[in-house]
Novice: 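Just dropping this structure here.
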Amino acid sequence: MNTPAAVAAALALLAAPAARAQPVSARSGPDTYLELHLGAYLPQARDLDAYDPGLAVSGTFGAMFTRSVGVEASLGYTRATAAYRPVGPGLGFDATVSDLPVLVSLRLVAPLRSVELSARAGAGIHFASLHHSAGSSGSWTATGFGLQAGASAGFYLSPTMLVGLDVLGTVAEARLDGSPTRLDGLTVAVTLGYKL
């Protein structure tokens, strides 16, 4: 076989796969986002009747697999306090209940032109603690499980950033102070989101 014919045959073999090759996309996989929530924790359980509203803060990482369906994981912190001050020396108590929830949720989104409405629901693990002082102080920690559901509305500041309001209800229980303690609560938070 002469050299020009061999070169032509080699080029023909290489040209066939090159013609079928597709350009590599700069981005593949789901659309991801980060959110920061800062707001108030409102105890809802009978076990926490004496507790005042407290602090709620959390961070969320999510992935949208379509424009309307995604999953997310979040790590948060909530705290509420109670104080009882009857008349008389040495009476009364202070108490603090805190929770470190690790949540996983399914998120449904309705993206509009400048607004994003969403709802989510899922389950989580709650690392709860209780500290109180009543004569002698005591502290307890426990791990519990729970369910959560919530809704949010966000307004786009840019194509990648949004600010909004988030409401999340939680139903959970952990064994604090030797007995089951309900940690049910409602968090209302301002949200800052960024689409990666």
Novice: Please round to the nearest 0.5 Å and tell me the distance separating atom OG1 of Thr181 and atom CG of Leu130.
Specialist: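 Between Thr181 OG1 and Leu130 CG, I get 7.0 Å after rounding to 0.5 Å.
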
Novice: For residues 49-58, which residue pairs qualify under side-chain hydrogen bond (donor to acceptor under 3.5 Å, both in side chains), counting only residues two or more places apart or in two chains?
Specialist: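 Non-adjacent pairs meeting side-chain hydrogen bond (donor to acceptor under 3.5 Å, both in side chains): zero.
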
Novice: In the single-linkage hydrophobic clustering (I, L, V, M, F, W, Y; side-chain heavy atoms under 4.5 Å), do Leu117 and Leu108 co-cluster?
Specialist: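 No, because Leu117 and Leu108 fall into different hydrophobic clusters, even though each may have its own neighbours under 4.5 Å.
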
Novice: For a side-chain contact (heavy atoms from CB on, under 4.5 Å) check, start with the C-alpha distance between Met64 and Val71, then their side-chain angles and the critical distance, and finish with the verdict.
Specialist: CA-CA 7 Å; Met64 297 299 297; Val71 295; over 6 Å; no

Novice: List the atom of Leu48, the atom of Pro43, and the distance in Å for their closest heavy-atom pair.
Specialist: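 Of all heavy-atom pairs spanning Leu48 and Pro43, the closest is CB-CB, 3.7 Å.
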
Novice: With rounding to the nearest 0.5 Å, note down the distance linking CG in Leu100 to OG1 in Thr78.
Specialist: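 Here the interatomic distance stands at 8.5 Å.
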
Novice: Would you call Arg182 and Val171 a side-chain contact if the rule is heavy atoms closer than 4.5 Å?
Specialist: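 Arg182 reaches Val171 side chain to side chain.
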
Novice: With salt bridge (Lys or Arg N to Asp or Glu O under 4.0 Å) as the test, would you mind laying out the steps for Arg46 and Glu173 before giving the verdict?
Specialist: CA-CA 12 Å; Arg46 177 176 284 170; Glu173 183 177 274; over 6 Å; no

Novice: For His37 and Thr191, which I'm curious about, is there any donor-acceptor pair between the side chains at under 3.5 Å?
Specialist: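 Indeed, the side chains of His37 and Thr191 share at least one donor-acceptor pair under 3.5 Å.
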
Novice: Same cluster or not: are Leu168 and Val104 linked, directly or through other Ile, Leu, Val, Met, Phe, Trp or Tyr residues, by side-chain heavy atoms under 4.5 angstrom apart?
Specialist: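 Unlinked, Leu168 and Val104 end up in two clusters.
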
Novice: Same cluster for Leu75 and Ile125 if Ile/Leu/Val/Met/Phe/Trp/Tyr side chains link at under 4.5 Å?
Specialist: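 Yes, same cluster.
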
Novice: Can you list the steps and then say if Thr141 with Phe127 is a side-chain contact (heavy atoms from CB on, under 4.5 Å)?
Specialist: CA-CA 7 Å; Thr141 59; Phe127 301 95; over 6 Å; no

Novice: Can you name the closest pair of heavy atoms from Leu186 and Gln44 and give their distance?
Specialist: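 Heavy atoms of Leu186 and Gln44 come nearest at N-CG, 3.9 Å.
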
Novice: Atom CZ in Phe61, atom CG in Leu196: separation rounded to 0.5 Å?
Specialist: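 Answer rounded to 0.5 Å: 6.5 Å.
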
Novice: Which value, rounded to the nearest 0.5 Å, describes the distance between Asp31 atom CG and Thr66 atom OG1?
Specialist: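 So the gap between those two atoms works out to 9.5 Å.
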
Novice: Ion pair present between Glu116 and Lys195, side-chain N to carboxylate O less than 4.0 angstrom?
Specialist: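 A salt bridge links Glu116 with Lys195.
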
Novice: With Ser105, which of Arg120, Glu72, Gln148 fulfils side-chain hydrogen bond (donor to acceptor under 3.5 Å, both in side chains)?
Specialist: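 The residue from Arg120, Glu72, Gln148 that satisfies side-chain hydrogen bond (donor to acceptor under 3.5 Å, both in side chains) with Ser105 turns out to be Gln148.
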
Novice: If you compare all heavy atoms of Leu103 against all heavy atoms of Gly124, which two are closest, and at what distance to 0.1 Å?
Specialist: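 Shortest heavy-atom contact: CD2-CA, 3.7 Å.
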
Novice: Measure across Gly70 and Leu106 and return the closest heavy-atom pair with its distance rounded to 0.1 Å.
Specialist: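 Closest approach of Gly70 to Leu106: O-CD1, 3.3 Å.
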
Novice: Step by step, would you call Arg79 with Asp99 a side-chain contact (heavy atoms from CB on, under 4.5 Å)?
Specialist: CA-CA 7 Å; Arg79 183 186 69 207; Asp99 184 19; over 6 Å; no

Novice: Search all heavy atoms of Ser139 against all heavy atoms of His131 and return the closest pair with its distance.
Specialist: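 So the minimum-distance heavy-atom pair works out to OG-ND1, 2.6 Å.
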
Novice: When you compare the side chain of Met161 with that of Phe155, does any pair of heavy atoms fall below 4.5 Å?
Specialist: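 They are not in side-chain contact.
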
Novice: Regarding Ser118 and Ser152, is there a side-chain donor-to-acceptor distance under 3.5 Å anywhere?
Specialist: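 Looking only at side-chain atoms, Ser152 and Ser118 do form a donor-acceptor pair, the distance falling under 3.5 Å.
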
Novice: Is the closest side-chain heavy-atom distance between Val188 and Tyr41 below 4.5 Å?
Specialist: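 Answer no - side chains too far apart.
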
Novice: To the nearest 0.5 Å, what is the distance between CG on Leu42 and CG on Asp184?
Specialist: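 Leu42 atom CG to Asp184 atom CG measures 13.0 Å (nearest 0.5 Å).
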
Novice: Looking only at side chains, do Ser129 and Ser98 share a donor and an acceptor under 3.5 Å apart?
Specialist: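 Short answer, yes.
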
Novice: I need the minimum non-hydrogen distance between Pro111 and Arg67, along with the two atoms involved.
Specialist: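 That would be CG-NH2, 3.5 Å.
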
Novice: Treat each ILVMFWY residue as a node, draw an edge where side-chain heavy atoms are under 4.5 Å apart, and state whether Leu162 and Val109 are in one component.
Specialist: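 Different hydrophobic clusters.
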
Novice: Rounded to the nearest 0.5 Å, how far apart are OH of Tyr194 and CG of Leu34?
Specialist: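 So the gap between those two atoms works out to 9.0 Å.
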
Novice: Are Leu38 and Tyr77 connected in the hydrophobic side-chain network, where two residues link if heavy atoms are under 4.5 Å apart?
Specialist: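 As far as the 4.5 Å side-chain criterion goes, Tyr77 and Leu38 are connected within one cluster.
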
Novice: Side chains of Tyr156 and Val115, heavy atoms from C-beta outward: is any pair under 4.5 Å?
Specialist: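 Tyr156 does not reach Val115 side chain to side chain.
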
